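Note that this is a predicted model, so its numbers are computed, not measured.
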Amino acid sequence: MDLPTLIQTIANSVVAGSVYAVIAVGLAMAFGVMKMANFAHGEFFMAGAYVVYVFYGLLGWPFPAAVLMAIPIVGAMGVATERLIFWPTRNNVLAGFMATAGLAFMLQVLVGQTWGVGLMRSVPTPYMGAMDLAGTRVGWQRVLVIPSAIAMLTALWFFLYKVKAGKALRACAQDPETARLQGININSMTMLAMAISGASAGLAGALMAPIQPVTPYMGHAVILTAFIVVVMGGMESIAGAVLAAMLLGFVHTFVTTVSDAVTAQMVGVACMALVLVVRPQGLLGRVKA
Amino acid sequence: MKRLDWTLIVVAICVLPAAVAAPFFVGYYTSEVLILFMINLILVCSYRILTTTGDWSLSHVVMMGVGAYATAMLTKHLGLSILLTVPLSACIAALVGLLMVIPLIRTRGFGFFIASFALGEFVRLVWVKFREPFGGPRGMIGIPSGELGSIDFFDPLPYYFFVLTVALICLFVMYRLDRSRIGKTFKAIYTDEGLAESIGIDVPHYRALAFVTGTFFAGVAGSLLAHRLGAIDPKAFDVNTMVYLIIWIVVGGAATFWGPIIGLVVMTFAFEWSRPLLEWRPLLFGGILIFFLVALPGGLEGLLSTIRDRLVPKRRPAEAAAKEAGE
């Protein structure tokens with residue numbers, strides 16, 4: 001591998017890692033508070049991409065506005081999922097997980113029947129051109145992903161550590177019983193967690209819409225990666241999810257460059273199996289007492 | 001063991017003659033559906049073995065695929081008879097299951113679910129990646145239907161009876177297993193793992209045993225499927241198919257041996273009736289899955305036993321009183 005290829009691959013890895021981080025943080029967040037495991041997280045990502053397709057591709061809104069629209073829309077989908085699926089099944093993690101697998105089916109059909117299954121919806125690239133980076137070129141559209149991810153993660157960090165509602169959310173994740181004793185409303189906290197979770201998946205999908213082909217089944221590839229990241233990071237740990245996302249971004253991109261995408265997926269899965277065997281609590285996970 | 005199992009006898013008397021007579025009264029298409037139904041019957045009952053220990057695996061359909069691929073290799077490269085390929089494929093599937101269970105056993109509950117999903121996906125990606133010998137993403141074609149003496153199993157009628165025989169043997173073995181000491185041990189692990197461990201049950205051993213046994217029978221189902229379809233590809237064994245398997249067992253309920261069978265019967269009818277709505281079928285089935293998990297967690301079987309308890313309220317007064325006192 002020569003130097004320009006190496007730099008190119010590193011740049012691609014950082015972009016991939018940023019996207020994985022934004023997706024996986026939402027998944028880890030929902031799992032941390034009230035053990036909500038959302039199989040339809042990949043379909044939320046897909047929904048985010050379709051929001052951009054509709055508002056930017058069909059209605060001609062400016063691209064940033066379309067991306068911002070994805071956050072409340074998919075966030076609202078998260079809240080609806082929490083109310084209709086996770087709240088009734090809150091005593092059984094697996095039931096909620098399986099029910100969201102059903103939800104994933106439903107979203108795929110609804111989107112497919114509304115906007116068509118066969119043809120890929122290609123969203124025109126809003127930012128043409130590429131950034132020069134030591135002799136290699138990285139498309140602006142890809143570069144844009146990195147500051148967006150950083151902004152989103154910083155906002156989330158600020159919310160969780162500096163804002164009262166965010167602190168309450170963390171308290172819920174640590175110990176729901178004690179949190180309730182402090183007068184925290186668990187009911188609204190789980191809704192908040194799912195809103196953030198949905199919003200993060202929607203944002204990631206919206207950012208990737210001009211880069212990836214937009215299809216009803218695009219969430220499928222995302223969900224496996226997202227779960228690998230979350231399991232590697234330690235299920236509930238947000239910092240762990242970010243770290244694991246970056247690691248997996250590098251592993252996937254480098255293996256894809258050297259070999260092919262299928263091998264990259266296999267290596268990713270193998271990494272996860274290794275973490276489960278050697279360190280079942282994940283890279284940054286705590287061992288529950 | 002001397003006591004007669006009346007449920008089994010009643011079911012045998014009612015179902016067996018119907019199953020033997022059925023292919024003579026229905027058309028070509030329906031007998032194909034019945035063959036697939038019996039293969040699915042083996043699959044769903046084998047999946048229940050795993051769930052009795054509380055391990056809901058997401059790789060079970062992939063393990064069926066292992067059986068199917070094994071059959072494809074054994075018939076195409078070695079030219080073995082169908083009488084050998086079915087048990088050998090099942091053994092190969094069990095062997096792969098044995099390898100997979102080593103890391104899986106270290107996880108529990110939800111972790112097990114995700115880890116089995118990922119490992120199953122790994123096996124599937126192996127088929128996609130290696131064009132030689134697995135045929136890559138397009139899969140393998142030209143798997144012989146098999147023959148027994150001068151009987152060609154390409155014809156649905158003889159194959160129907162072959163599958164019926166295999167299915168009956170498998171179901172009987174799984175039923176006995178469910179009733180045996182081992183089956184009760186599996187359930188004890190699900191009910192209270194700590195308590196089971198404290199009375200000397202080797203929990204990891206029994207969980208691995210359940211996984212490998214279930215995988216064995218999934219391999220049988222996969223082998224029968226490969227012989228019937230003649231062509232298999234990695235897509236047929238992906239997580240979507242797995243969700244359909246989960247729908248059967250969720251609709252039926254997993255508490256007794258009969259629950260998944262009820263679920264499979266009902267959903268097979270639903271599947272056939274929804275043929276005109278082909279594109280909308282996942283929406284319908286997804287909705288059914290959500291409905292059952294949210295509103296009827298015990299499945300149809302749970303509903304039936306609730307109705308039975310309502311109709312016959314004082315069946316065992318002492319037991320009911322003890323239950324109420326306990327709660």
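- Ranking Leu289(B), Val250(B), Leu125(B) against chain A, the residue ahead of the rest is Leu125(B), based on heavy-atom pairs under 4.5 Å.
- Heavy-atom distances place both the backbone and the side chain of Val126(B) under 4.5 Å from chain A.
- Lys187(B) places no side-chain N or O within donor-acceptor distance of the main-chain N or O of Ala255(B), the cut-off being under 3.5 Å.
- Comparing Thr107(B), Ile114(B), Leu104(B), Val294(B) by heavy-atom pairs within less than 4.5 Å of chain A, the highest count is held by Ile114(B).
- Both the backbone and the side chain of Leu283(B) have a heavy atom closer than 4.5 Å to some heavy atom of chain A.
- In this structure, the portions of Met98(A) lying under 4.5 Å from any heavy atom of chain B include both its backbone and its side chain.
- Here Leu94(A) is the residue among Asn92(A), Ile85(A), Thr89(A), Leu94(A) with the most heavy-atom pairs under 4.5 Å with chain B.
- Figure legend: cation-pi geometry between Arg281(B) and Phe271(B), with NZ or CZ positioned under 6.0 Å from the six-membered ring centre and within 45° of its axis.
- A cation-pi geometry, defined here as NZ or CZ lying under 6.0 Å from the six-membered ring centre and within 45° of its normal, does not hold between Lys235(B) and Phe237(B).
- The choice from Leu224(A), Leu84(A), Thr100(A) that makes the most heavy-atom pairs within less than 4.5 Å of chain B is Leu224(A).
- A heavy-atom distance below 4.5 Å is found between the side chains of Leu304(B) and Ile262(B).
- Taking NE2 from His41(A) and OG from Ser197(A), the interatomic distance works out to 4.5 Å, rounded to the nearest 0.5 Å.
- Only the side chain of Leu58(B) comes within less than 4.5 Å of a heavy atom of chain A; its backbone N, CA, C and O stay farther away.
- Only the side chain of Tyr244(B) comes within contact range of chain A, with heavy atoms under 4.5 Å apart.
- Nearest heavy atoms, Gly102(A) versus Ile290(B): C-CD1, 4.1 Å.
- Side-chain atoms of Arg106(B) never come within 3.5 Å of backbone atoms of Pro103(B) as a donor-acceptor pair (strictly under, hydrogens ignored).
- Contact tally against chain B (heavy-atom pairs below 4.5 Å) for Ala101(A), Ala99(A), Gly96(A): the top residue is Ala99(A).
- Proximity to chain B (any heavy atom under 4.5 Å) is restricted, for Asp260(A), to the side chain, taken from C-beta onward.
- For a residue to count as touching a neighbouring chain, one of its non-hydrogen atoms must lie under 4.5 Å from one of that chain's; by this rule Thr225(A) does not touch chain B.
- Ranking Ala104(A), Ala95(A), Pro88(A), Ala270(A) against chain B, the residue ahead of the rest is Ala95(A), based on heavy-atom pairs under 4.5 Å.
- When side chains are defined from C-beta on, Leu107(A) counts as touching Phe44(A), because their heavy atoms get closer than 4.5 Å.
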Checking side-chain hydrogen bond (donor to acceptor under 3.5 Å, both in side chains) for the pair Gln113(A)/Glu279(B): CA distance, chi angles, key distance, verdict?
CA-CA 8 Å; Gln113(A) 293 300 314; Glu279(B) 302 96 24; 4.5 Å; no

